[in-house]
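To start, the structure under review is shown below, and the notes come after it.
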Amino acid sequence: MKREKGEYLIQSIAHALDILGAFTPQEVELGVTEISRRLGLPKNNVFRILATLELRGYIEQNKTTGNYRLGLKTFELGQTFIHSTNTVRQARPVLEKIVEEVNETAYLGILKGTNAVYLDVVETRQAVRSASRLGAIIPACCTALGKAQLAFMAREELMRLFGRSKLVAYTSNTVATREELFRRLDAVYENGFALDEEEYEEGVRSVGAPVRDFSQEVVAGISISGPAYRITPERIQNQLVPLLKRAGLELSKRLGYEVGVKMEGVKV
């Protein structure tokens, strides 16, 4: 009889992966005691695993605070994953074309639960630019790239994702309630693009569009981001939205999307 994969679980490796997963963009450093409390592991076990990960380069210790943070090896693994995906390879020339035309930063990202994960970026050549989000994991409801994907989910799935989670306010423009989020996603579904009106970072605006693949489903998002004084409402409507829609369609075709094939899009 074939054994279930769970029967092959090596507990110490599972604990090591749990420790790596405990670090987030909001908490980049953690101490032994905090990790032990969160994961329900003995402090001695946590310390030994951290020491092993540190020797291998996956964890670093802040000598000033004594806390731990992710090491360079985790970044290298992430980069290897990013460059191995077909979506990233296909998106790169599309992102480059966007930047060539409007000279603003262009991103590719996917959803992971309620978060948007930024997989690739082509930066603007302008001296004044927003901080790069490459590799960042940001709440999808605060980002144009994330909302461009959330809008095509079924209401039941959105309720599963956001039904119990509290929406965190990052700026005064952050969506405050699930009801308001769903109303905004309705507009994204209808219009084919999403906006980040300084909702995650003050002074930064973004425009996002969905990307589909051969399954006709939305599998990623692309966005244009920059300082709010350059990404004006007039420029968004007259230049950036038409360009981004064309770019999203071009990337979708590269991933096998067939124009004209009936899609069962779900309005939220």
Side-chain angles (χ1 to χ4, degrees), residues 2-92 95 105-123 129-140 142-143 145-146 149 161 165 168 170 200-201 219-223 225:
K2 186 176 181 180
R3 297 173 66 184
E4 295 294 327
K5 288 187 177 180
E7 298 181 45
Y8 296 98
L9 181 71
I10 299 175
Q11 204 66 51
S12 58
I13 296 178
H15 290 330
L17 294 174
D18 288 340
I19 289 174
L20 290 174
F23 295 90
T24 70
Q26 290 74 40
E27 295 181 286
V28 296
E29 290 194 3
L30 294 169
V32 172
T33 300
E34 177 62 17
I35 295 172
S36 172
R37 183 187 66 80
R38 290 190 184 187
L39 300 181
L41 297 174
K43 290 174 64 174
N44 185 53
N45 287 16
V46 171
F47 179 79
R48 291 170 59 191
I49 293 172
L50 286 170
T52 302
L53 292 171
E54 184 178 11
L55 287 172
R56 294 290 185 171
Y58 292 95
I59 286 289
E60 296 175 351
Q61 186 175 33
N62 184 327
K63 302 304 180 184
T64 302
T65 65
N67 291 336
Y68 293 85
R69 59 195 175 207
L70 296 179
L72 184 60
K73 272 291 186 180
T74 58
F75 174 77
E76 292 174 355
L77 277 180
Q79 291 297 103
T80 299
F81 167 75
I82 287 172
H83 291 296
S84 70
T85 64
N86 181 55
T87 302
V88 172
R89 291 197 301 271
Q90 296 296 338
R92 171 54 63 145
L95 299 182
T105 300
Y107 288 101
L108 168 77
I110 60 173
L111 290 181
K112 184 176 181 182
T114 59
N115 294 317
V117 182
Y118 287 75
L119 296 182
D120 201 8
V121 60
V122 176
E123 300 226 26
R129 66 187 73 175
S130 55
S132 175
R133 292 179 177 179
L134 179 62
I137 303 173
I138 297 173
C142 300
T143 69
L145 183 151
Q149 299 172 75
L161 290 174
S165 61
V168 178
Y170 292 92
Y200 181 72
E201 185 177 354
V219 296
I222 56 174
S223 66
S225 182

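Values in this document were obtained by computation on a predicted structure and should not be read as measured data. Side chains are part of it too, since the values below use all heavy atoms of this structure and drop only hydrogens, waters and symmetry mates.
- Annotation: Arg56, atom CZ; neighbour count of heavy atoms from other residues, nucleotides and ligands within 6.0 Å does not exceed 12.
- Residue Ile35 holds its CD1 atom at 4.0 Å from CZ of Phe23, rounded to the nearest 0.5 Å.
- Looking only at side-chain heavy atoms (C-beta outward), Thr105 and Val122 stay at 4.5 Å or farther from each other.
- With rounding to the nearest 0.5 angstrom, the OG atom of Ser225 is 12.0 Å from the OH atom of Tyr200.
- In this structure, Ile138 and Tyr170 have side chains that are not in contact, with every pair of non-hydrogen atoms separated by 4.5 Å or more.
- Shortest non-hydrogen contact noted between Ile49 and Ser12 is CD1-O, 4.3 Å.
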Q.
Between Leu41 and Asp18, does the side-chain contact (heavy atoms from CB on, under 4.5 Å) criterion hold? Intermediate values first, please.
A. CA-CA 10 Å; Leu41 297 174; Asp18 288 340; 5.7 Å; no

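- Listed for the Glu60 side chain is no donor-acceptor partner under 3.5 Å among the backbone atoms of Gly71.
- One N or O on the side chain of Tyr107 and one on the backbone of Arg133 form a donor-acceptor pair closer than 3.5 Å.
- Residue Leu95 holds its CG atom at 10.5 Å from CG of Leu119, rounded to the nearest 0.5 Å.
- Between Thr33 and Lys43, the closest heavy-atom pair is OG1-NZ, 3.3 Å.
- Shown here for Val117 and Lys112, the closest heavy-atom pair between the two residues is CG2-CB, 3.8 Å.
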